[in-house]
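Down below is the structure, laid out as structure tokens.
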Amino acid sequence: MMFDAEIGRRVAEHAAQAPGSPAVVSAEGVLTYHGLSTRMERYREALVAAGLRPGDVVAMALPDGATGIAAMLAAFTAGVAFVWLDEDQPAARHRAILEDCHPTGLVTTPNGAEGAAGSPPAGVTVQGNRAAGSPPAVVTVQGDEAAVVSAAPSGPRAETVPQDTSCLVYTSGSTGRPKGIVQRSGNLLHFARWLASETGLRRGSHMLQLARLSYDAAYLEILSALDAGAAIVIPPPTVKPDGAELLPWLDGREVTHVFCVPTLIRRLLLARESAGEPPDLGMRAVSLYGEPLHSSTVDQVRAHFPRTAVYNMYGPAETTVATFHLVEPDCAGDIPIGRDIPGVETLLRGADNASDAWNASDVSDASDVSDASDTSDDEGEVWIRTRFLARGYLGRPAETAAVFSAMDESGLRTYRTGDLARRRPDGALVFLGRRDHQVKIRGARVELAEIEAVLRAEPGVAQAAVGVFSDEQGTVHPAAYLEPVSAAKVDVRGLHRHVASVLPAYMVPAAYVMLDKLPLTATGKIDRNRLPDPNTLTSGTGSRGAFETETERRLAAIWREVLEREELGADDDFFELKGHSLMAVRIAAAVIGEFGVEIPVRAVFEHPTVRELAAYIDDDPSRL
């Protein structure tokens, strides 16, 4: 099996063959392969000097850009597993992740290491390896410099993860806590090399990096480009989700390959259309994943990028990628998720048995599954058999055993996805949905039960359910349905702020609906089919509070444009006006240009009125 450490050798080879070729293009500028190779090696030496080794987990609290990419590669080459902490996630989310994996080390910037031994940007202190009972090793990196602030203890210590672990990918958990997928070395690079080969990534190509750096999709983007000698183009985090901000940032950066969710490509194309941009003849491949893909989106892509190949790709984080479909020119309706990629076999387990307990015989008896040789329109749960599976879930043996089979004599394991699909006569799979309440929101896997657990823990809430709804652009958002305790009144504004302080922005409900009683089925379960569509409900009209300061008046102009409202008061609440995470991103990005101060996206949730957010901006000492 290939190991992710090979990426270090490949970067060094590209540095020797084409030292001036661009490797990372970001807000920091252009970093060549020679520069990236130098940084990667210095960072790797610092990790080793800090006593970090295979079996350890290192938390990375770094900004998106060349420094973060070099640190990620250093961990791969040193054999140390990493977990990435996104800058804009709330401190409570960081805390939950760190308490789950107990990292042995922290990689951060010099500013991030000030004070206590290693504090991520949100003020969360890494606790260190619980089994060893020791503080974490701390390494600071910036530019070409790396320093060991504190080292891990020498001598024997318990391993946090198996030695063949490359990283931990945290996803939403049905128990109300995020769960860590233990990704095995070799898996990511195997799929990255396939992606580069299939889509024609090579030296001179430019891959746009849009996924959060805590997602496995980001590692596919990064590894596929760098292994092939291409450049990875990384916009700032506040720019990535917003087509209107992303479009001007991309000017002159000659992107040839995109790997993203349909929501993001639609927003970029809408911005291109609004700006009157001519067709881009340089785009070579647009690969879409994480959400159902419709032919109308493909038509839009081809109108703007007439020479591009369009792919629909499928795969949960436990398997990274499983199937792909090169979309034909005359497609119509929903697009298939396609056929197996090399090294992967998809099986269909009969839908009537999809809830059965895991049984090893289910994947060894060919008569009990539908495989690619079938010629009928079989339907069932998608099971994926491959040697390139994640090991399982960190510290959750029961959950791991429920969906991962043991390795068979040929070295293969099987993962049952919970996704339902139909196999067409030509062998391609068509996605049909889920057999549970898991959803995808802008490519991120979300367990609605995790959001519900946060809501139910609040005083005044007797019962809570979470569904999803689509806005005018087809973007999916969570909606909360609340049943109050008898005679109690739920403080919806306070509840919203609390949820935003605990969950990532894309999991924060964009609508709150109060119901006397949640609808139930005949068996006493919540009847989600009878939950009302928030789009049919009336939201606040605005007009509460006059604007008193110049900052409030300038900020109100931003809110009016983003929320598309003429009537707006200084005390109108962002979420009551049906504001959601993508709108919050646009507001945060616009604040940079208008006031010269960078605010985190979560600040819009924590200060959800023009008056409160204006005061927050005025108090920022970095304001220009």
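Not measured: the values here are computed from a predicted model.
Taking Asp242 as the reference, Arg586 meet the salt bridge (Lys or Arg N to Asp or Glu O under 4.0 Å) condition, with sequence neighbours excluded. Scanning for salt bridge (Lys or Arg N to Asp or Glu O under 4.0 Å) contacts around Glu221 gives an empty result, with sequence neighbours left out. Partners of Glu245 under the salt bridge (Lys or Arg N to Asp or Glu O under 4.0 Å) rule, at least two apart in sequence or in another chain, do not exist in this structure. In this structure, the side-chain contact (heavy atoms from CB on, under 4.5 Å) partners of Ala588, at least two apart in sequence or on a different chain, are Ile599, Val601. With sequence neighbours excluded, the residues satisfying salt bridge (Lys or Arg N to Asp or Glu O under 4.0 Å) with Arg10 are Glu13, Asp227. Contacts of Tyr170 classified as side-chain hydrogen bond (donor to acceptor under 3.5 Å, both in side chains), with partners at least two apart in sequence or in another chain: Asp100. For Arg203, the side-chain hydrogen bond (donor to acceptor under 3.5 Å, both in side chains) test picks out His14, Gln17, with sequence neighbours left out. Scanning for side-chain hydrogen bond (donor to acceptor under 3.5 Å, both in side chains) contacts around Gln163 gives Glu159, with sequence neighbours left out. Listed by chain and residue number, Leu455, Arg456, Val461, Leu482 satisfy the side-chain contact (heavy atoms from CB on, under 4.5 Å) test with Ala464 (two or more places apart in sequence, or in another chain). Ser410 pairs by the side-chain hydrogen bond (donor to acceptor under 3.5 Å, both in side chains) definition with Asp408, not counting sequence neighbours. With sequence neighbours excluded, the residues that form a side-chain contact (heavy atoms from CB on, under 4.5 Å) with Arg42 are Thr38, Asp144, Glu145.
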Chi angles and distances behind the side-chain contact (heavy atoms from CB on, under 4.5 Å) call for Leu246, Leu210: CA-CA 10 Å; Leu246 179 60; Leu210 291 177; 4.0 Å; yes
Check the pair Thr109 / Thr140 against side-chain contact (heavy atoms from CB on, under 4.5 Å), numbers first and verdict last. CA-CA 5 Å; Thr109 61; Thr140 61; over 6 Å; no
Kindly determine whether Leu36 and Leu73 satisfy side-chain contact (heavy atoms from CB on, under 4.5 Å), including the steps that lead there. CA-CA 9 Å; Leu36 179 61; Leu73 296 179; 3.9 Å; yes
side-chain contact (heavy atoms from CB on, under 4.5 Å) between Gln89 and Ile97, intermediate numbers included: CA-CA 11 Å; Gln89 287 190 345; Ile97 290 172; 4.3 Å; yes
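Atoms NE2 and CD, on His257 and Gln209 in that order, are 15.5 Å from each other to the nearest 0.5 Å. Once rounded to the nearest 0.5 Å, the distance linking OG of Ser224 with CH2 of Trp194 reads 10.5 Å. The line from CG of Leu503 to NE2 of His498 is 8.0 Å long, rounded to the nearest 0.5 Å. Atom-to-atom distance recorded for Leu394:CG and Gln183:CD is 13.5 Å, nearest 0.5 angstrom. Distance check, rounded to the nearest 0.5 Å: NE2 of His94 to CD of Glu99 gives 13.0 Å. Taking OG1 from Thr346 and CG from Asp419, the interatomic distance works out to 11.5 Å, rounded to the nearest 0.5 Å.
Side-chain N or O atoms of Asp64 include none that pairs as donor or acceptor with a backbone N or O of Pro236 at under 3.5 Å. Proximity of a side-chain donor or acceptor of Ser172 to a complementary backbone N or O of Val446 within less than 3.5 Å is not detected. When atom types are taken as modelled, the side chain of Thr417 and the backbone of Val382 share a donor-acceptor pair closer than 3.5 angstrom. Put simply, the side chain of Gln142 never gets that close to the backbone of Pro110: no donor and acceptor are under 3.5 Å apart. Distance alone, capped at 3.5 Å, is enough to place a donor-acceptor pair between the Ser150 side chain and the Pro136 backbone. With hydrogens and angles disregarded, a donor-acceptor distance shorter than 3.5 Å links the side chain of Arg413 to the backbone of Arg391. In this structure a side-chain-to-backbone donor-acceptor pair under 3.5 Å is present from Thr400 to Tyr393. Side-chain atoms of Asp56 come within 3.5 Å of backbone N or O of Arg53 as a donor-acceptor pair.
What you find for Glu452 and Val466 is that their closest heavy atoms are OE2-N, 2.9 Å. Closest heavy-atom contact between Arg184 and Arg387: NH1-O, 3.3 Å. Between Leu106 and Ala61, the shortest heavy-atom contact is CD1-CB, 4.2 Å. Closest non-hydrogen pair, Thr199 versus Ser287, comes out as CG2-OG, 3.8 Å. Across every non-hydrogen atom of Ala151 and Ala137, the tightest pair is C-CB, 3.7 Å. Residues Ala66 and Ser26 approach most closely at N-OG, 4.0 Å, considering heavy atoms.
Annotation: side chain of Ile222 is in contact with side chain of Leu213 (closest heavy-atom distance under 4.5 Å). Proximity of Tyr616 to Glu606: side-chain heavy atoms (C-beta onward) are nowhere separated by under 4.5 Å. Between Ile441 and Met507 the shortest side-chain heavy-atom distance does not fall below 4.5 Å. For the pair Trp84/Arg212, no side-chain contact is recorded, criterion being any heavy-atom separation below 4.5 Å from C-beta on. A 4.5 Å side-chain heavy-atom check between Tyr415 and Pro316 finds at least one atom pair inside the cut-off. Thr104 places none of its side-chain heavy atoms less than 4.5 Å from the side chain of Val57. Looking at heavy atoms from C-beta onward, Pro509 lies in side-chain contact with Ile451 at the 4.5 angstrom threshold. Counting heavy atoms from C-beta outward, Leu288 and Cys260 have side chains that approach closer than 4.5 Å.
Thr238 and Glu598 form no side-chain donor-acceptor contact under 3.5 Å, judged by distance and modelled atom types alone. Checking Ser185 against Asp164 by side-chain atom types alone, no donor-acceptor pair falls below 3.5 Å.
Looking at Glu450 and Arg445, no side-chain N of the basic residue comes within less than 4.0 Å of a carboxylate O on the acidic one, giving no salt bridge. Salt-bridge annotation for Arg93 and Asp86: absent, with no side-chain N of the basic residue lying under 4.0 Å from a carboxylate O of the acidic one.
Sorted by first and then second residue, the pairs that involve residues 201-236 and meet ring pair (Phe, Tyr, Trp, His ring centres under 6.0 Å), not counting sequence neighbours, are Phe82-Tyr219.
Heavy atoms of other residues, nucleotides or ligands lying less than 6.0 angstrom from NE2 of His34 number 12 at most.
Tested against Asp216, the residues Thr320, Ile181, Val321 include a single side-chain contact (heavy atoms from CB on, under 4.5 Å) partner, Thr320.
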